[in-house]
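Both counts, for ligands and for their atoms, begin at 1 and track the order of listing. Values reported hereafter were calculated over all heavy atoms of this structure, with side chains retained and with hydrogens, waters and symmetry mates removed. The first residue in the sequence is number 1, and the count goes up from there. Bear in mind the structure is a predicted one, so any value in this text is a computation, not a measurement.
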Amino acid sequence: MLNDKRYLVLEDGTVYEGYKLGADGESAGEIVFNTSMTGVQEIITDNSYTDQIITFSYPLIGSAGFNTEDSESLLPTARGVVVREAIEHPSNFRSTENLDGFLKSNDIVGISGVDTRSITKKIRNSGVMKAEITDSSDHAKTVEAIRAMEFARDQVKRVSTNTPYISTGTGPRVALLDFGKKENIVRSLNQRGCDVTVLPHDSTSERILQLKPDGVMLSNGPGDPADVTEAVETIRNLIGQIPIFGICLGHQLIALAGGASSYKMKFGHRGANQPVKNLSTNKVEITTQNHGYAIDEDSLKDTDFEITHIAINDNSVEGIRHRSEPVFSVQYHPEAAAGPHDASYLFDQFIEMMKAGGGQSNA
Ligand SMILES: NC(=O)CC[C@H](N)C(=O)O
């Protein structure tokens, strides 16, 4: 039996007719696209997508199925999923659910059977915009509601851990500020022996230093970095006190703490084949990315930070380091999950920095 009809309605009035996928109900958010061909469970459960509807540009989604080990968070906060074809019967011994079942289990609304290539091209040409997945055929009313919609700007608070906890290890002690972390950041540190204390996003610099960590990890996370003002102040107080490594939102917050500024990109970088040039080695790393904001290159000029990595496709800033203090960060995701492991060396660099008591990174 064909699934029930469902619609994707965009802020500009465009309507795509498809079929119901996932949870009942309707959901609105900022529509973005991700070009990855794998790692669907990791992408859907990455809390950087809070308040966003994820369109997969690759047509066949869900062939590897879903399981209980590969989620990047246990409470996904994406507002919706848009696919061309939802695979009903995954081919993977590890799979315990198909896409429809996984979305239902996580109360995520989805739509299938729509032209995701056209949607991707529209977002690329017009920029990200608001959208709604709905069963209602009163599209004029939906467009009106979308246009009136505003997002609460407390996304980080909504996804950060509320209580500190420790993921134990016998190596360097890392205080991880959780802005909506991907679990594979913790795993990547644990795999290298680190003892990781995960802290709420609004932990103060005094509280962090009281734990006497060897280093501070600043995680990825959703929303506009300019809204995370409390953490920017905390990071400003930590620079010069302790080695710091930032990923994605963590990278943006370090730059803001250093006096630089961020801007919203037209459609961001979201995929697992984003080429980045390491300016120290002149090597190109293929990276996993998921960001809609970036650091303004010119705004770094009057700060103590220098650029270490740039995106090959658009020359945007992909990495920075402090000129004299043990502080560095990247806009992309060295923890991959999913995607290439070209950039995993950065975790090793962070550990060497902590072991050296905070020497300079050669990111
Ligand atoms: N993955 C992230 O940490 C994203 C950072 C920020 N929310 C952005 O969209 O640019």
task = Could you list which atoms of ligand 1 come closer than 4.0 Å to a heavy atom of L249?
result = 2 (C), 3 (O), 5 (C)
inquiry  = Looking only at protein heavy atoms, which one is nearest to atom 4 (C) of ligand 1, and what is the separation?
reply    = G221 O, 3.2 Å
Per atom 6 (C) of ligand 1, closest listed option by heavy atom (G223, G292, S48) = G223
query = What's the shortest heavy-atom distance between P90 and E97, and which atoms?
reply = CG-O, 4.1 Å
task = Answer yes or no: does an N/O atom from H333 fall short of 3.5 Å to an N/O atom of ligand 1?
result = yes
ask   = What atoms in ligand 1 come closer than 4.0 Å to a heavy atom of H291?
value = 8 (C), 9 (O), 10 (O)
key: Whether D46 side chain and E42 backbone form a donor-acceptor pair below 3.5 Å   = no
ask   = Ring centroid separation for Y332 and H309, is it under 6.0 angstrom?
value = yes
Heavy-atom donor-acceptor pair, D342 side chain to I286 backbone, under 3.5 Å = yes
inquiry  = For atom 2 (C) of ligand 1, what is the closest protein heavy atom, and at what distance to 0.1 Å?
reply    = C248 SG, 2.9 Å
query = Using 30° and 60° as the class limits, which term best fits the ring planes of F102 and F66: parallel, tilted or perpendicular?
reply = parallel
request  = Give the contacting part of P225 toward ligand 1: side chain, backbone, both or neither, where contact means a heavy-atom distance below 4.0 Å.
outcome  = neither
ask   = Under 4.0 Å between a Lys/Arg side-chain N and an Asp/Glu carboxylate O for D214 and R173?
value = no
query = Can you find an N/O atom of Y293 closer than 3.5 Å to an N/O atom of ligand 1?
reply = yes
request  = Nearest 0.5 Å please: distance from the NZ atom of K277 over to the CD atom of E318.
outcome  = 14.0 Å
message = Under 4.5 Å between side-chain heavy atoms, counting indirect links through other Ile/Leu/Val/Met/Phe/Trp/Tyr residues: same cluster for F305 and V232 or not?
response = yes
N or O pair under 3.5 Å between N290 and ligand 1 = yes
ask   = Does H251 have a non-hydrogen atom less than 4.0 Å from ligand 1?
value = no
key: Under 4.0 Å to a heavy atom of P222 - the qualifying atoms of ligand 1, by number   = 7 (N)
inquiry  = Using a 3.5 Å cut-off on N or O atoms only, is Q252 in polar contact with ligand 1?
reply    = yes
